[in-house]
2 protein chains.
Amino acid sequence: MNKKPNLKDVAKLAGVSAITVSRVLSDPDKVSALLRQKVDSAIRDIGYIRNHAASALASKKSGVLAVIIPSLSNIVFNDVLQGIYQAANAGNMQILLGDCHYSPLQEEKLIATLLSQAPEGIVITGTAQTDYARKLLLQADIPLVQIMELTDQPIDMNIGFSHYQAAYDITQHLLQQGYRAPAFVGARMDPRTQQRLAGFKQAIADWPEPCRSFVQTTAQPSSIKLGGQLLQAVIAGSDNQCDAVFCCNDDLALGALFECKRMNLSVPKDIAICGFNDFEASALVEPAITSVASPRVEMGRRAVEMLLSAAGKGRHSVAPVDVGYSIRVRSST
Amino acid sequence: MNKKPNLKDVAKLAGVSAITVSRVLSDPDKVSALLRQKVDSAIRDIGYIRNHAASALASKKSGVLAVIIPSLSNIVFNDVLQGIYQAANAGNMQILLGDCHYSPLQEEKLIATLLSQAPEGIVITGTAQTDYARKLLLQADIPLVQIMELTDQPIDMNIGFSHYQAAYDITQHLLQQGYRAPAFVGARMDPRTQQRLAGFKQAIADWPEPCRSFVQTTAQPSSIKLGGQLLQAVIAGSDNQCDAVFCCNDDLALGALFECKRMNLSVPKDIAICGFNDFEASALVEPAITSVASPRVEMGRRAVEMLLSAAGKGRHSVAPVDVGYSIRVRSST
DNA sequence: GTGAAAGCGCTAACAT
DNA sequence: ATGTTAGCGCTTTCAC
């Protein structure tokens, strides 16, 4: 068994030095056309593939970016990942992905693990890092982007939108439609869900006319099924007074809608339903569900682009980016 | 700016040799408790993080696995990825993920790129690799698992289930329910969708009584919306004769169902609908949609486990694994 | 435009 | 149980 060919083997075959081969690979313009051709065919001949570890060690460039998301099962992050991989691909970067399952402690461990690969940048979800995690990240001294939400005290760069404001707006929309006893239905209760709840509460508090409100939450992960259960709970818990439900995401909203149909409640007449994240299904069910849309793919893409263009520059070289959101008003409200 | 500490720095601080520090990191049991403690605290003191590239270069172990999936937006692969990351995490492996967008050519490029990271194993979706890709993979001489479908000629290992047989079974189910003019509705038409179409056709051909059948396909990617459009098309294309629709996935099935409601067609009375992949929503809509379920998370997990346990062994050391599927009969048929 | 020498930070192999 | 030596395969630096 002949071991894998290396740079020297290619060099020997092409009748040049190793460094010339290296240059053909990373900076072809610095090599004359003749040699370049020779080298290229030698590479193809022996099926040479450059050893990334050696390259990374010598050049101190790992060619990887680290990404930490809280969940692989939440479709929301699919979209973000699509944007991330798109931009990484365009920049010839590999992605090292970690799923911290919404746990800051797991996130801390992941950070330590991923940093050992010497990523040239890191994308991290949200702003709820542990102190030690922040220390590690600062120490690593690489560009970093916190995504999804906005914060006044970013570790470095930041891109996202205000979940608080979006929730405030959609709640206000319910009130404007005449609903006077809205409920917030939330699952998981991660930081962004909490911000949505805060926005909901503030919108109620700010409303000039008197109105009641209800809150039904659980730490369980979101699912369509859970949406049905929580709808039941909120109706029972409000003594049938609740006339509108703001679900912290569209999974719950869909479940709530299906449950209403089963209970023969008319949406939006007996009860209004709105969600968050604007899944495709939300626009296509009957009645279509009002929801909050945000440019997730774009956010992922831009986060990576920010990393790539921040190379070399110091911290906070890029101002926080608000990607915004929009309330998609549909017939469920 | 003091540069990052390395092994020697830790060793000096702890008063030991570099290799001892290395051992504490990779094989603590080989070091006495006393030294281990000293080293551990030195590591923490100066915030040492091991340089992965150097480690990989010296040990010839990259600690990464390559994974290629055809789509990040298809929820199906989310589930598979969850299993993959789960098992990779348990085995202290990092994942390098590539999305080939259902293109064998992009897949080929991805393989070349990912191989340069010297992965210790590779997970690849399906069996439609280009010749050159197969050559690269064989040459790489690392454990490989083809996932999702089963094949008689795996490159190395294989885990999946028969999409042909699953489609055959669900079509037979339609026929057994008395439907005599079923249609196949397919999008994307990737290899596994083609297999489902083949199973559909064979089930029709094998049915003892005469029946008509229709096929409506498009190369467009699946979506709920497209499901509605294709339902329209198949009804028009069959002159209203079609009495059952087998959608190649649940996105389309949901769209078809929503469209039926809009058209005031009763499901399953006027028309039956069934899908593939068993999404959560399929079980919760009214009427619930008959679909094909398969253990996707488990498949991902086991694929990685197969890689990890195949280290060192030769090709085909593990027999192909059929994870099976089950038809979830619900009220839509 | 091309090459020679040195060394990136770690671990395998071999001592002790 | 611990240390010494050598070298992984590449790129940087500097020379020509």
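Nothing here was measured: the structure is a model prediction, and the numbers come from that model.
A/I46 places its CD1 atom 13 Å from the C1' atom of D/dG9, with the value rounded to the nearest Å. Rounded to whole Å, the distance from CD1 on B/I43 to C1' on C/dG9 is 14 Å. The NZ atom of A/K8 sits 12 Å away from the C1' atom of C/dA6 (whole-angstrom rounding). Distance B/N6 CG to C/dG7 P: 15 Å, rounded to the nearest Å. In this structure, A/R50 atom CZ and D/dC8 atom P are separated by 19 Å, rounded to whole Å. For A/L57 and C/dT11, the CG to C1' distance is 12 Å, given to the nearest whole Å. In this structure, B/K30 atom NZ and D/dG3 atom P are separated by 15 Å, rounded to whole Å. The distance from atom CG of B/N51 to atom P of C/dC10 is 5 Å, rounded to the nearest whole Å.
The line from CG of B/N89 to CG of B/N92 is 7.5 Å long, rounded to the nearest 0.5 Å. Rounding to the nearest 0.5 angstrom, the gap separating the OG atom in A/S55 from the CZ atom in A/R50 is 4.5 Å.
Comparing A/L7 and B/S17 by the nucleotide of DNA chain D that holds the closest heavy atom to each, the one mapping nearer the 5' end is B/S17. A residue-by-residue look at A/A56 and B/L35 shows that B/L35 has its nearest nucleotide of DNA chain D further toward the 5' end.
Side-chain contact check for A/V16 versus A/K38: every heavy-atom pair is 4.5 Å or farther apart.
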Chi angles and distances behind the side chain to side chain donor-acceptor pair (under 3.5 Å) call for B/T127, B/E149: CA-CA 8 Å; B/T127 60; B/E149 57 190 278; 3.3 Å; yes

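Phosphate contact (OP1/OP2 of D/dC10, side-chain N/O of A/Y48, threshold under 4.0 Å): present. Between B/T20 and the phosphate of D/dG3, there is a side-chain N or O to OP1/OP2 separation shorter than 4.0 Å. The phosphate of C/dG1 (OP1 or OP2) has no side-chain N or O of A/R36 nearer than 4.0 angstrom. Remark: B/S32 is not in phosphate contact with D/dA1, judged by side-chain N or O atoms under 4.0 Å from OP1 or OP2. The side chain of B/S59 contributes no N or O atom lying less than 4.0 Å from OP1 or OP2 of C/dT11. Remark: A/S55 is in phosphate contact with D/dT11, judged by side-chain N or O atoms under 4.0 Å from OP1 or OP2. Between B/K60 and C/dC10 there is no side-chain N or O to OP1 or OP2 distance below 4.0 Å.
Each of C/dG3, D/dC10, C/dG1 was ranked by its minimum atom distance to the side chain of A/A54; first place goes to D/dC10.
Side chain B/R23 to base D/dG3: a donor-acceptor pair is found below 3.5 Å.
A donor-acceptor contact under 3.5 angstrom links the side chains of A/E108 and A/T130, judged on distance only.
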